[in-house]
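Down below is the structure, laid out as structure tokens.
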Number of protein chains: 2
Amino acid sequence: MFSKTTEYALRATLYIAANSSPERKLSINEIAAAIDSPRSFTAKILQRLSANERLISSSKGPGGGFYMTEKAGKQPAKIILETMDEDALLNKCVLGLSRCSDEKPCPMHKDFKVIKADIYTLFTKTSIASLAADTHKNSFLKGARR
Amino acid sequence: MFSKTTEYALRATLYIAANSSPERKLSINEIAAAIDSPRSFTAKILQRLSANERLISSSKGPGGGFYMTEKAGKQPAKIILETMDEDALLNKCVLGLSRCSDEKPCPMHKDFKVIKADIYTLFTKTSIASLAADTHKNSFLKGARR
DNA sequence: GTAAAAAAGGATATTTTTGTCCCTTATTAT
DNA sequence: ATAATAAGGGACAAAAATATCCTTTTTTAC
């Protein structure tokens, strides 16, 4: 459904949301280990995620690392997809047709319209913080097939 | 959502379903042109789709080509995904975790379980023939961004 | 001001996906 | 039989996604 890059981005963001604060920053090493992702590749992704401190923040030097503010956590999960330029998934035609639309639909347009709307709603209505809260209770972010 | 390969497979299958019969076979050239896909690559995909004549049939030589029987068309669209080994989409974890399950869920497991079930139902309940019928009425299969 | 820690960034490598080319095999019609 | 047509299949090429490595910059502590 999503690219590996986006999977890592989602896992990393949720881990950071669940385990960091401006007072408790996390290193790339800790994050990559926690979400079972390749360290250097994850570093690149974190770079993108923290590029415009609106989602994830970072600071260099000893004691530095990645973290999330409370405010950032209140945003909908969709912002993670947007930051990775992968929110296209929610708009594009399942059959790959560029001009597929309500007026000129592909054979699966109508059916998938509903499903895509559900996914859209999910990512819009669910905040990063609420997903992070769940990782404290009963869910996890580790255990990838690599 | 799907790979290009699967997009082409879906488009090609629906085109064949909508426009062929054992009496009216379609050449690779016609199919690729009709669904706006790279000719040789499409040939490979058709090879896979017709490998075990259960979905698409083919015959060589003059007058030959690809076609679908009425019986094959009655199958659910899911068989296209299965033939392309891409039905995994319907089972795998959105966050890419191999051991994600009801018992040990990722933070998005519960929400996506519903959505994946909807997609599964869609592909299971919808026959190839009914999608093909739609292409005759108001939908189309051409116009890809390439 | 030196050293250490940590992210930023650039260059490069590997793997997978997507796509092409060309030769072979099967079928049909003449 | 021969030629023409169409799919089958193998080898190869290009592009994109994934992944690694190494150097630079920033910050902190001493």
Side-chain angles (χ1 to χ4, degrees), chain A residues 1-13 16 20 22-33 35-53 55-68 84-86 88-89 95-96 144-146, chain B residues 1-13 16 20 22-33 35-53 55-68 84-86 88-89 95-96 144-146:
Chain A
M1 179 141 230
F2 295 116
S3 66
K4 288 216 179 221
T5 302
T6 298
E7 287 177 359
Y8 297 150
L10 289 166
R11 300 221 297 274
T13 303
I16 293 168
S20 81
E23 291 76 43
R24 161 132 175 69
K25 295 167 188 162
L26 310 170
S27 72
I28 291 178
N29 289 328
E30 176 178 347
I31 296 167
I35 67 170
D36 236 334
S37 65
R39 193 235 172 237
S40 296
F41 193 55
T42 307
K44 295 288 184 210
I45 294 168
L46 288 170
Q47 229 172 87
R48 284 180 70 182
L49 289 172
S50 59
N52 62 17
E53 310 258 298
L55 178 53
I56 286 172
S57 307
S58 74
S59 67
K60 290 184 178 180
F66 297 92
Y67 62 98
M68 189 178 284
M84 300 308 291
D85 295 314
E86 196 139 347
L89 173 79
L95 298 191
R145 38 171 166 41
R146 292 214 276 148
Chain B
M1 180 140 229
F2 295 116
S3 66
K4 291 223 175 214
T5 302
T6 298
E7 287 177 0
Y8 296 150
L10 289 166
R11 300 221 297 273
T13 303
I16 293 168
S20 81
E23 290 76 42
R24 162 131 176 69
K25 294 167 189 161
L26 310 171
S27 72
I28 290 178
N29 289 328
E30 176 179 348
I31 297 166
I35 67 170
D36 236 335
S37 67
R39 194 232 171 240
S40 297
F41 193 53
T42 307
K44 295 285 183 212
I45 293 168
L46 288 170
Q47 230 173 86
R48 285 180 69 182
L49 289 172
S50 59
N52 63 15
E53 309 257 298
L55 177 54
I56 287 174
S57 306
S58 73
S59 67
K60 290 183 177 181
F66 297 91
Y67 62 97
M68 189 178 282
M84 300 307 292
D85 296 315
E86 196 139 348
L89 174 79
L95 297 191
R145 38 170 166 39
R146 290 217 277 148

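Convention: sequence-line order gives letters A, B, ...; per-chain numbering from 1.
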Provide, to the nearest angstrom, the distance between the NZ atom belonging to B/Lys4 and the C1' atom belonging to C/dT20.
-> 16 Å
Assign B/Leu26 to base, sugar-phosphate, or nothing according to its heavy-atom contacts below 4.0 angstrom with the strands shown.
-> sugar-phosphate
Step by step, work out the salt bridge (Lys or Arg N to Asp or Glu O under 4.0 Å) result for A/Glu86 and A/Arg48.
-> CA-CA 13 Å; A/Glu86 196 139 347; A/Arg48 284 180 70 182; over 6 Å; no
Side-chain N or O of B/Gln47 closer than 4.0 Å to phosphate OP1/OP2 of D/dG9 = yes
Side-chain N,O (B/Ser40) to OP1/OP2 (C/dC21) below 4.0 Å | no
Please work out if A/Ile56 contacts a base, only the sugar-phosphate, or nothing of the nucleic acid, heavy-atom cut-off 4.0 Å.
-> nothing
For DNA chain D, whose closest nucleotide is more 5', that of A/Ser3 or that of B/Glu53?
-> B/Glu53
Does B/Tyr8 put a side-chain nitrogen or oxygen below 4.0 Å from OP1 or OP2 of C/dG19?
-> yes
Should A/Ser58 be listed as having a side-chain N or O under 4.0 Å from OP1 or OP2 of C/dA6?
-> no
Examine D/dA6: is either OP1 or OP2 under 4.0 Å from a nitrogen or oxygen in the side chain of B/Ser27? Give yes or no.
-> no
Taking N and O atoms by type only, does the side chain of A/Lys44 place a donor or acceptor under 3.5 Å from a partner on the base of C/dG10?
-> yes
Please examine the side chains of A/Ile45 and A/Arg11, heavy atoms only from C-beta on, and report whether any two atoms are closer than 4.5 Å.
-> no
Taking all heavy atoms of A/Gly63 and all of A/Lys25, pick out the closest pair and write down the distance.
-> O-CD, 3.7 Å
Contact class for A/Ile28 (heavy atom, under 4.0 Å): base, sugar-phosphate, or nothing?
-> sugar-phosphate
Judged by atom type as modelled, is there a donor-acceptor pair below 3.5 Å linking the side chain of B/Ser59 to the main-chain atoms of B/Gly64?
-> no
